[in-house]
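Worksheet: the structure to be examined is printed underneath.
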Amino acid sequence: MTEVCTAIVAGGGIAGPVTAMALQRAGIAATVYEAYHDTADGIGAMLSIAPNGRAALDVLDAAHVLDDIGTPMSAMVLRSWTGKVLAELGTPPGLPDQQLVQRAELYRALYDEAAARGIAVVHGKRLVSLADNGSAVTARFADGTEATADILVGADGIRSTTRTLIDAGAPAPRYGGLLNFGALVPGAAESTRGAMHMVFGKRAFCGYLVYDDGLGGWFVNLPRSEPMTLAEQRAVPNDEWLARLRSAFAGDRTLAPDLIGRTDPDDLLVVGPVEDLPTVPTWHRGRVVLVGDAAHATSPSSGQGASLAMESAVQLARCLRDLPPQRAFATYERLRRPRVERIIAAGARTNSNKAAGPVARVIRDLVMPVAMRSLAKPEKLAWQFAYQIDWAATAA
């Protein structure tokens, strides 16, 4: 039986509610403390939940939240700016398709599911300091209030306060050389029949999918050598960004120029810089532990960020169910670190391809079809997509 009875979960995004539900299943009562005063409805662009992410939610009997908000993504078709197919990646046999979701809808679905299970989310609680006396941990918030529990789980994202509180020398996010944008466009074009098209354009990268009802969803990674914060990006008017994006895809022979050209400035989502954390040296200290992007932020290019957070939440809860905190945290890190850092590295390689210059772009387009003949085989992706957590097995 677990030695931990109560938990503070710092952060109420995607990882926070899933962590709280996982801890609840392990017999640990968790309360989520969120820095923002309001819910995050309407924030964020589209993302994918891989089969391994769905499997993690399945452990919690929560995979049903994807059914009403997700669109199956049966394949990824990689194209050059000329429209030439460089490779096609399918889901490994025997696994469900990836689910394409809007982040805002996923957030709301998980938030509502946690609330339905009696898990409290307290807003307006920005973590500023911690006090760990060896038997409990107290979180102090910016509004002067405190909360105490047996453990604290930092699920507060890539710019985690918890990470810096347990390690003052913790790394900052690494800029991936790309700025991220997205939008939904009604009446776009003929359906892509569940395939996400990934276009290595002449000057930028675009991913797009057209739903059966004609609604088109797209995202763009725009190369930029100098970092730019989200606030700086959003200070630029949307119509100016759209003009830059139209220029970046001018002459490309794919659906990208049309989708971007149809986008209303009011519908443009300015998502922020593409970033990751190659490695975080300290995942836990005392009675405090990190989960999700706070511990292992991967670039959106990996398509695995939310899924990895779900996996880690379940694995952490399983370890805490079976082991005292220090051994549980060490076991959790041992089980998770090699896998997540391998996926982070793969995402970083994809970023470099997206930001290729004129000469590198030509070489990439020549080499990729040959390389993908082997790499695009579904079994080559199984190590990512077929990952399962055996909840019934004892963590050791």
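Index from 1, following the sequence. Worth saying up front: this structure is predicted, and the values here are computed from it rather than measured.
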Measure across [X] and [Y] and return the closest heavy-atom pair with its distance rounded to 0.1 Å.
X: G201; Y: D252; answer: CA-OD2, 3.2 Å
X: P171; Y: L277; answer: O-CD2, 3.8 Å
X: R117; Y: A62; answer: NH2-CB, 3.6 Å
X: I8; Y: A139; answer: CD1-CB, 4.0 Å
X: Y332; Y: S312; answer: CE1-O, 3.5 Å
X: G292; Y: A15; answer: CA-CB, 4.5 Å

Working note: T162 + V289, criterion side-chain contact (heavy atoms from CB on, under 4.5 Å); need CA distance, chi angles, decisive distance, verdict. CA-CA 8 Å; T162 312; V289 65; over 6 Å; no
Point-to-point distance, once rounded to the nearest 0.5 Å, from [atom1] of [X] to [atom2] of [Y]:
X: D390; Y: R318; atom1: CG; atom2: CZ; value: 7.0 Å
X: E311; Y: L308; atom1: CD; atom2: CG; value: 5.0 Å
X: T298; Y: R342; atom1: OG1; atom2: CZ; value: 13.0 Å
X: S191; Y: Y211; atom1: OG; atom2: OH; value: 10.5 Å
X: T138; Y: N133; atom1: OG1; atom2: CG; value: 6.5 Å
X: S160; Y: D167; atom1: OG; atom2: CG; value: 11.0 Å

Other residues, nucleotides and ligands only: do more than 12 of their heavy atoms fall within 6.0 Å of [atom1] on [X]?
X: D68; atom1: CG; answer: no
X: E190; atom1: CD; answer: no
X: R253; atom1: CZ; answer: yes

Apply side-chain contact (heavy atoms from CB on, under 4.5 Å) to I260 and F181, showing your working. CA-CA 10 Å; I260 294 167; F181 304 86; over 6 Å; no
Applying the 4.5 Å side-chain criterion to the ILVMFWY set and letting contacts propagate, would [X] and [Y] be lumped into a single cluster?
X: L127; Y: I151; result: yes
X: V210; Y: V85; result: no
X: V199; Y: L100; result: no
X: L23; Y: W391; result: yes
X: V274; Y: L268; result: no

Just so I know, are the side chains of [X] and [Y] near enough to count as touching, which here means a heavy-atom distance under 4.5 Å?
X: V4; Y: P325; answer: yes
X: V220; Y: F205; answer: no
X: M46; Y: L209; answer: no
X: Y208; Y: T254; answer: yes
X: W81; Y: F249; answer: no
X: M196; Y: Q98; answer: no
X: Q102; Y: L184; answer: yes
X: I49; Y: M310; answer: yes

Tell me if a side-chain donor or acceptor on [X] pairs with a main-chain N or O of [Y] at a distance below 3.5 Å.
X: H123; Y: Y36; value: yes
X: N180; Y: G272; value: no
X: R321; Y: I28; value: no
X: T19; Y: A313; value: no
X: W283; Y: H296; value: no
X: S307; Y: A50; value: yes
X: R339; Y: Q384; value: yes
X: R163; Y: A295; value: no
X: D213; Y: L215; value: yes
X: D239; Y: P265; value: no

Quick one about [Y] and [X] (side-chain donor to acceptor, distance below 3.5 Å, no hydrogens or angles considered), yes or no?
X: T145; Y: D143; result: yes
X: E341; Y: T279; result: yes
X: D322; Y: T394; result: no
X: Q304; Y: N52; result: yes

Steps toward salt bridge (Lys or Arg N to Asp or Glu O under 4.0 Å) verdict (R327, E3): CA-CA 11 Å; R327 288 175 55 200; E3 293 185 13; over 6 Å; no
Please test M73 against T91 for side-chain contact (heavy atoms from CB on, under 4.5 Å), starting from the C-alpha separation and ending with a verdict. CA-CA 9 Å; M73 188 170 70; T91 303; over 6 Å; no
Only one of D293, I344, I158, I343 clears side-chain contact (heavy atoms from CB on, under 4.5 Å) with D276; which? I344
Ring-face cation of R334 near F329 (centre distance under 6.0 Å, axis angle within 45°): no
Run the side-chain contact (heavy atoms from CB on, under 4.5 Å) test on N238 and D266 for me, step by step, so that the C-alpha distance in whole Å, both residues' side-chain angles and the decisive distance to 0.1 Å come before the verdict. CA-CA 7 Å; N238 280 7; D266 289 340; 5.9 Å; no
Would D97 and R54 satisfy salt bridge (Lys or Arg N to Asp or Glu O under 4.0 Å), going step by step from the backbone distance to the final call? CA-CA 10 Å; D97 287 333; R54 185 181 186 97; over 6 Å; no
